Amino acid sequence: MTLCLILLSVVALTAALPAPRALTRAEWPEREPVVALWVWQCLVATVLLCCLTALVLGAAAVFHTVRAQVFAPAPPAVTEAYDLSTAPVWASVLTLLLACGAAWTTAMLARELVEARRRRGRARAHLRERAPDLPAGLPSARGPLLVLEDDYPDAWWMPGHPPQLIVTTGALHRLTSLQIDAVLTHERDHARAHHDWLLHLSTALATGFPRIPLFAHFCDQTHRLVELAADDTASRRCGHLTTALALIELNQHRGVLSCASSHRLLGERVDRLLQPPPRLERRQRALTTTVAALVPLLPLLITFAPGLTALG
């Protein structure tokens, strides 16, 4: 068990400290935002699995009741392979810290989901006030698309049940039909890929553990990469220039092209659409995706290795 805990700690620290710093310095994520999002998720899953498996092993060593439940269906040789009879002091301390971390993570996720639901409720109530009154006999505006009478050009996706795409009349008047298609494709990609859930997860982890580089970078990069990924989907359908012009038309009143703008990401997105970087080769994308998917298996392999060795 001691060796397992040490190896799990090494893997978790590697994935939480140097790996995110190296990934943020790399240039390829801008070329392949979808693959980069997958790599970030695999790194986070690796750290969480390391913590979870270490918590189970530590609790099994410290508490006889947990040990009896976890190893109940296992042969005696498997239980002996983990050497759970005596737990060192540092393992007990580590188990306590991991238990507190698990409880805190659960609390942060629950708070983020509750607050997100509350924000959506307030936003939907505000939309109901702003939505135009329909003639008697017509159903209320509960469809997938809602058009608001507003000179302010804007468009956004409202997740929930049912999800809705909201577009203002100002956007319809300002954009061409192809630019509107690009905006709709961009927002639909957010909904199709469930980017809102990914944003909730990254925000909760960064809020709960702000000093851990992995979670802080995961939050920042997720907010950036989901927009780049949706831009790529829109540009593949409607063209890079059309998507860039739609982005400019919707945001030029916010100073999207100003160097002093606080919306620096908007300017970066426009530059990227006007000068699209070359994509990685298909083999490179497949290799990166496969390697990233294998990384979260490391904590499982470390955890089950003693038992599998005993059975073999």
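The chain is numbered in sequence order, starting from 1. Bear in mind that the values here come from a model prediction, so they are computed numbers and not experimental data.
- Within the 4.5 Å cutoff, side-chain heavy atoms of Leu228 are placed close to those of Arg269.
- Residue pairs meeting the ring pair (Phe, Tyr, Trp, His ring centres under 6.0 Å) criterion with at least one partner in residues 57-84, sequence neighbours excluded, are Phe71-Tyr82.
- Considering only heavy atoms from C-beta on, Val11 stays 4.5 Å or farther from Val47 through its side chain.
- Put simply, the residue from Glu115, Glu112, His194 that forms a side chain to side chain donor-acceptor pair (under 3.5 Å) with His200 is Glu112.
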Compile the donor-acceptor pairs under 3.5 Å between side chains in residues 49-60 and protein atoms, sequence neighbours left out, one pair per line.
from, atom 1, to, atom 2, distance (Å)
Thr53, OG1, Leu49, O, 2.7
Thr53, OG1, Cys50, O, 3.1

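- For the pair Pro20 and Trp40, the minimum side-chain heavy-atom distance is below 4.5 Å.
- In this structure the side chain of Glu268 never reaches within 4.5 angstrom of the side chain of Asp271, judged on heavy atoms.
- Through direct or indirect side-chain contacts shorter than 4.5 Å among Ile, Leu, Val, Met, Phe, Trp and Tyr, Val114 is connected to no other residue.
- Two residues are said to be in side-chain contact when any heavy atoms from C-beta on lie closer than 4.5 Å; Leu199 and His223 meet this criterion.
- Side-chain atoms of Arg67 come within 3.5 Å of backbone atoms of Leu84 as a donor-acceptor pair (strictly under, hydrogens ignored).
- Summarising the local packing, CZ of Arg283 is surrounded by 12 or fewer heavy atoms from other residues, nucleotides or ligands at distances under 6.0 Å.
- With His173 contributing its side chain and Thr169 its backbone, the two residues share a donor-acceptor pair below 3.5 Å.
- For Thr168 (side chain) and Asp154 (main-chain N/O), a donor-acceptor pair under 3.5 Å exists by modelled atom type.
- Scanning for ring pair (Phe, Tyr, Trp, His ring centres under 6.0 Å) contacts around Phe215 gives Phe209, with sequence neighbours left out.
- The ring pair (Phe, Tyr, Trp, His ring centres under 6.0 Å) search around His195 returns His190, not counting sequence neighbours.
- Residues passing the salt bridge (Lys or Arg N to Asp or Glu O under 4.0 Å) test with Arg272 are Asp232, sequence neighbours excluded.
- Within the 3.5 Å criterion, the main-chain N or O of Thr289 finds a donor-acceptor partner in the side chain of Trp38.
- Here the side chains of Tyr152 and Leu250 are not in contact, with every heavy-atom distance at 4.5 Å or above.
- One side chain, His186 or Glu227, offers a donor N or O that lies under 3.5 Å from an acceptor on the other.
- Leu96 has its side chain out of reach of Val93: every pair of non-hydrogen atoms, C-beta onward, lies at least 4.5 Å apart.
- In this structure, Leu17 and Leu214 have side chains that are not in contact, with every pair of non-hydrogen atoms separated by 4.5 Å or more.
- Between the side chains of Asp189 and Thr233, at least one donor N or O sits under 3.5 Å from an acceptor N or O.
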